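Structure, as C-alpha cells:
Chain identifiers are assigned alphabetically (A, B, ...) following the order of the sequence lines, protein sequences preceding nucleic acid strands; residue numbering begins at 1 within each chain. Values in this document were obtained by computation on a predicted structure and should not be read as measured data.
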There are 2 protein chains.
Amino acid sequence: MEFKHQVTVTLAEVAEAAGVGESTVSRVLRDHGSFSGKTRERVMAAVERLGYVPNRIAGTLASTGSRLVAFVIPSLSNIVFPDVLRGASAVLEENRYQAVFSVTDYDPGKEEALVAAMLAWRPAAVMLAGYEHTDGTVKMLRASGCRVVELLDLDGDALDIAVGFSNRAAGRESATFLLKRGYRRIGYVGHDLNRDTRAGKRFSSFCETLDVRGPSLVAHEILAGASSVENGRLGLERLLARTADLDAVYFSNDDMALGGYFHCLAKGIAIPSKLAIFGYNGLDIGRVMPQSLSTIRTPRVATGEIAAELVVANAPSQAVDLGFELIEGATA
Amino acid sequence: MEFKHQVTVTLAEVAEAAGVGESTVSRVLRDHGSFSGKTRERVMAAVERLGYVPNRIAGTLASTGSRLVAFVIPSLSNIVFPDVLRGASAVLEENRYQAVFSVTDYDPGKEEALVAAMLAWRPAAVMLAGYEHTDGTVKMLRASGCRVVELLDLDGDALDIAVGFSNRAAGRESATFLLKRGYRRIGYVGHDLNRDTRAGKRFSSFCETLDVRGPSLVAHEILAGASSVENGRLGLERLLARTADLDAVYFSNDDMALGGYFHCLAKGIAIPSKLAIFGYNGLDIGRVMPQSLSTIRTPRVATGEIAAELVVANAPSQAVDLGFELIEGATA
DNA sequence: GGTTTTTTTGGCAGCGCTACCAATTTACCG
DNA sequence: CGGTAAATTGGTAGCGCTGCCAAAAAAACC
C-alpha cells in the first residue's frame with residue numbers, strides 16, 4: 001500500500017476561509033501585532049474548521065532564527081545524557097523550542113559530521129558534551145553564529161557558554177576523601193578513557209592528588225567499551241586477581257561501582273572493612289543499596305535546565321559552575 | 001555581550017564563486033542529476049572556500065517532505081525510551097534523517113500539544129509510545145498524512161505502523177512461569193498504572209492468568225510516581241508489612257525488582273527460598289547481580305531500529321511483533 | 001562535415017510563511 | 001463635526017532552496 005500524500009492546508013486558505021488577509025492570520029496565530037477580537041474569532045474558527053497546522057519550516061525560513069536546539073551527545077546508554085536531555089527538554093518545551101539530537105558514540109569525527117548536519121537546520125543553539133572537538137567542528141560552530149553550549153565540563157576554554165562542573169575537582173575531592181578516611185592502597189576501575197575524556201580528567205586528577213598527598217595509585221584496570229555494571233564487576237575481579245591487598249577502589253562511575261559492589265557481595269568481600277568502594281554520579285540507586293554508595297552527586301538534570309534557560313534568554317557568553325556534592329555513604 | 005548575528009553563506013554565493021548556476025550547485029551537493037567532474041570540483045572548492053553549510057530549512061520547504069522524524073515519548077527517566085531512541089537514531093543517522101523529540105510525562109493532553117508542535121515541522125514520521133492517545137491526537141495524525149509509528153505495544157489497533165511486543169503476553173507468561181515454579185502466594189509491586197498503560201496491561205493480564213490457573217493475586221502495592229529502585233524497595237517493604245507470607249512478588253519492571261532485591265538483602269530475606277522476585281525488561285544489571293534476576297527481556301533497542309528502518313523504507317502499514325524472552329534467573 | 005542524440009547547464013517560478021509598509025477603519029479631542 | 005492620533009488591516013517582496021524546462025555544449029553517428 002503506497003501511502004497517500006499529505007494534503008496541506010495553507011495559511012492562504014485559512015485567510016480566504018476567514019475572509020481576511022494572510023498577514024492578519026499570521027498575526028493572530030502568533031499573537032503578535034494588533035487585531036480585533038472579532039477578527040481573532042473568525043480566524044480561529046477557520047483554523048479549527050480546516051484543521052490548519054502552521055508550517056514551521058516556512059515560518060522559520062521567512063523569519064530569522066529557528067526555535068530548534070540541537071544536541072550532539074556522545075551516548076544514550078550513559079544515564080548522564082538522558083538526564084541532561086530531560087532537564088533541557090522540560091525548559092525548552094515550556095518556551096516552545098524543539099530539541100533535535102544525534103549520538104556521536106564518543107567519536108570526534110562523527111561529532112563533526114553530525115554538527116554539520118545539525119547546522120543545516122539553522123538551530124538557535126548547539127549543545128555538546130565537553131571541550132574536546134575537532135578543529136573542523138570548532139570552525140563550523142564559530143562560523144555558524146549560533147549559540148554553542150558545552151556541557152558537563154569546566155576544565156578548558158569554552159567557545160561560548162559552558163554549564164557543568166569541574167571533573168578535575170571531582171577527581172581531586174574523591175582522592176582527598178579516601179585519603180582522609182585512611183585508605184592507602186587504592187586502585188581504580190574504569191571504562192575507555194580516550195573516548196570519555198571527562199572520566200579521563202577525573203582519573204588523572206585523582207592520580208595527581210594521590211601522588212602529591214602520599215600513596216600513589218597502586219593499580220588500575222581499564223576496560224574497553226562503555227561503562228556498565230557488568231564491566232564494573234569484571235574490572236574489579238581482574239584488578240583484585242592482580243593486586244589482592246587493596247583497601248579501596250575508585251570507579252569511573254556509579255554503574256561500574258555497582259558492579260564492583262556486586263562482585264564483593266558475591267565473593268563475600270566485606271565492605272568497607274575489607275575493601276572500600278567509591279563511585280561517581282550519585283545515581284538514585286546508590287541510596288537504596290543495602291549499604292549506601294559513597295560517591296559524588298552531579299547535577300545532571302540541572303545542567304540541562306540551566307543550559308536551556310541560558311539559550312532561551314539569549315544570555316551572554318559565560319561559564320556556569322553548578323558544582324557537585326560528595327556523598328559520604330557506607331561503602332567508603 | 002550581545003551575540004553577533006549569523007552571517008550566512010547562501011547557495012547563490014557559492015554559485016557565483018564557482019562561476020556556475022545555482023541549480024548546478026544544488027545538483028552537485030545533492031549528487032542528483034548530471035554534471036561533469038570538472039564542475040563538481042569547482043563547486044566543491046567554492047563550498048570549501050566559503051565554508052558553505054546548506055540550509056535544510058529552505059531545502060525542505062522547496063522540496064516535498066522532510067527528513068525529520070519526531071519522537072513523542074512519555075519519559076527519559078525510564079530506560080526504555082533512551083534505548084528505543086538509541087536504536088532508532090543509529091539507523092536514522094545512517095540514512096541522513098534527524099531525530100526530534102519531546103517528552104510527555106505520560107500525560108495524554110501534553111502528548112496532544114506536543115504532537116501538534118511536531119507536526120508543524122512536517123516530519124516524515126511521528127513515533128509514539130503505545131496506543132492510548134486522545135481523539136485530538138488521533139485526528140491530527142490521521143490528517144497529517146505523515147507516517148505514524150506506535151511503539152512497544154501490540155495490544156490494540158495501530159494507526160499505521162506498530163513495532164513492539166505484546167505486554168499482555170508478557171504478563172501472562174510471567175504468571176505462568178511463577179505458577180510452574182510452584183509459587184502460590186503471589187504479590188505485585190508496581191508504579192503508577194494509569195499513566196504507564198503498558199505496565200497496566202501486563203498487570204491485568206498477569207492477574208487474569210492467576211485467576212484462571214488457580215491462586216489469585218494475594219496482594220499488591222502500587223506506588224504513585226515513576227518506577228525506580230527506591231520505589232521498588234519501599235513498595236516491597238510495605239507489601240510485606242501488610243502480607244507477610246508471600247512466596248513470590250512480580251514487579252512492574254527491573255528497576256522496581258532491583259529495589260525489592262535490595263530490601264531482601266538488607267533484611268536478610270533469602271531469595272528465592274523465602275521470597276521469589278520477578279521483574280520485567282531484562283536490563284543488563286539483572287545478569288550481574290549476585291543472583292541473576294528472573295525477568296522478561298524486551299527488545300528495546302531493536303524496536304527503535306526496526307521502527308526507523310520501516311520509516312526510512314516507507315514500508316506499508318503493518319504491525320511487527322519482536323517478541324520477548326523469558327529469563328529464568330536465580331531469583332525466581 | 002552535418003546531424004542527431006545525449007549530457008550538462010542556467011533561468012526562474014514557486015514552497016508557505018513573515019516583515020515591512022501603506023491603506024483603511026475606528027477612536028478621540030476640542 | 002472636522003481633524004488628528006491610534007488601532008487594524010492587506011499587499012507584497014523576499015527567506016534559500018529545488019524542480020522543471022529549455023538552451024547550450026559535448027558526444028555519437030552517418
Side-chain angles (χ1 to χ4, degrees), chain A residues 5-43 46-47 50-68 96 117 119-124 144-146, chain B residues 5-43 46-47 50-68 96 117 119-123 144-145:
Chain A
H5 205 65
Q6 198 157 331
V7 216
T8 329
V9 180
T10 67
L11 185 142
E13 297 174 279
V14 174
E16 167 112 57
V20 300
E22 292 185 35
S23 29
T24 303
V25 176
S26 175
R27 268 178 305 233
V28 170
L29 288 176
R30 283 176 300 142
D31 199 17
H32 178 275
S34 66
F35 45 82
S36 68
K38 208 168 303 173
T39 306
R40 183 198 168 78
E41 278 171 29
R42 285 168 59 190
V43 170
V47 164
L50 300 178
Y52 171 68
V53 177
N55 184 332
R56 207 159 270 296
I57 306 263
T60 304
L61 180 62
S63 62
T64 51
S66 77
R67 272 170 132 43
L68 285 176
R96 303 191 306 133
L119 288 177
W121 288 97
R122 300 292 187 270
S144 74
C146 77
Chain B
H5 205 67
Q6 198 157 330
V7 217
T8 329
V9 180
T10 66
L11 185 144
E13 297 174 277
V14 174
E16 166 114 56
V20 300
E22 293 184 35
S23 29
T24 302
V25 176
S26 174
R27 268 177 304 233
V28 170
L29 288 176
R30 283 176 302 142
D31 199 18
H32 177 273
S34 65
F35 45 84
S36 68
K38 210 168 303 176
T39 306
R40 184 199 168 76
E41 277 170 30
R42 285 168 59 191
V43 169
V47 164
L50 300 179
Y52 171 67
V53 177
N55 185 332
R56 207 159 269 297
I57 305 264
T60 302
L61 180 62
S63 62
T64 51
S66 77
R67 273 172 152 356
L68 284 176
R96 303 190 305 131
L119 289 176
W121 288 98
R122 300 294 186 269
S144 75

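One finds a side-chain N or O of B:R30 lying less than 4.0 angstrom from the OP1 or OP2 phosphate oxygen of D:dG19. Residue A:S36 has a polar side-chain atom (N or O) positioned under 4.0 Å from OP1 or OP2 of D:dT9. In this structure, B:R27 does not reach the D:dT18 phosphate: none of its side-chain N or O atoms is under 4.0 Å from OP1 or OP2.
Rounding to the nearest 0.5 Å places CG of A:L11 at 12.0 Å from CD of A:E16. Atom OG in A:S36 sits 9.0 Å away from atom CD in A:E41 (nearest 0.5 Å). With values rounded to the nearest 0.5 angstrom, A:F35 atom CZ is found 10.5 Å from A:S26 atom OG.
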Protein N or O to nucleotides 13-15 of chain D N or O, pairs below 3.5 Å:
from   : atom 1 : to    : atom 2 : distance (Å)
D:dC15 : O2     : A:L61 : O      : 3.4
D:dC15 : O2     : A:A62 : N      : 3.2

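Here the side chain of A:S34 is nearest to one of D:dT8, D:dG19, C:dT9, namely D:dT8. In the set C:dT18, D:dT9, D:dC17, C:dT18 carries the atom at the smallest distance from any side-chain atom of A:S26.
Checked against side chain to side chain donor-acceptor pair (under 3.5 Å), B:E13 has the following partners two or more places apart in sequence or in another chain: B:T10.
For the residue pair A:R42 and A:T39, no side-chain donor N or O sits within less than 3.5 Å of a side-chain acceptor on the partner.
Smallest separation of non-hydrogen atoms from A:W121 and B:T60: CH2-OG1, 3.6 Å.
Between the base of D:dG16 and the side chain of B:R56 there is no donor-acceptor pair shorter than 3.5 Å. Judged by distance alone, with hydrogens and angles left aside, B:S23 brings a side-chain donor or acceptor within reach of the base of C:dG11, the pair sitting under 3.5 Å.
B:T39 comes within contact range of the sugar-phosphate backbone alone, with a heavy-atom separation under 4.0 Å but no base atom that close.
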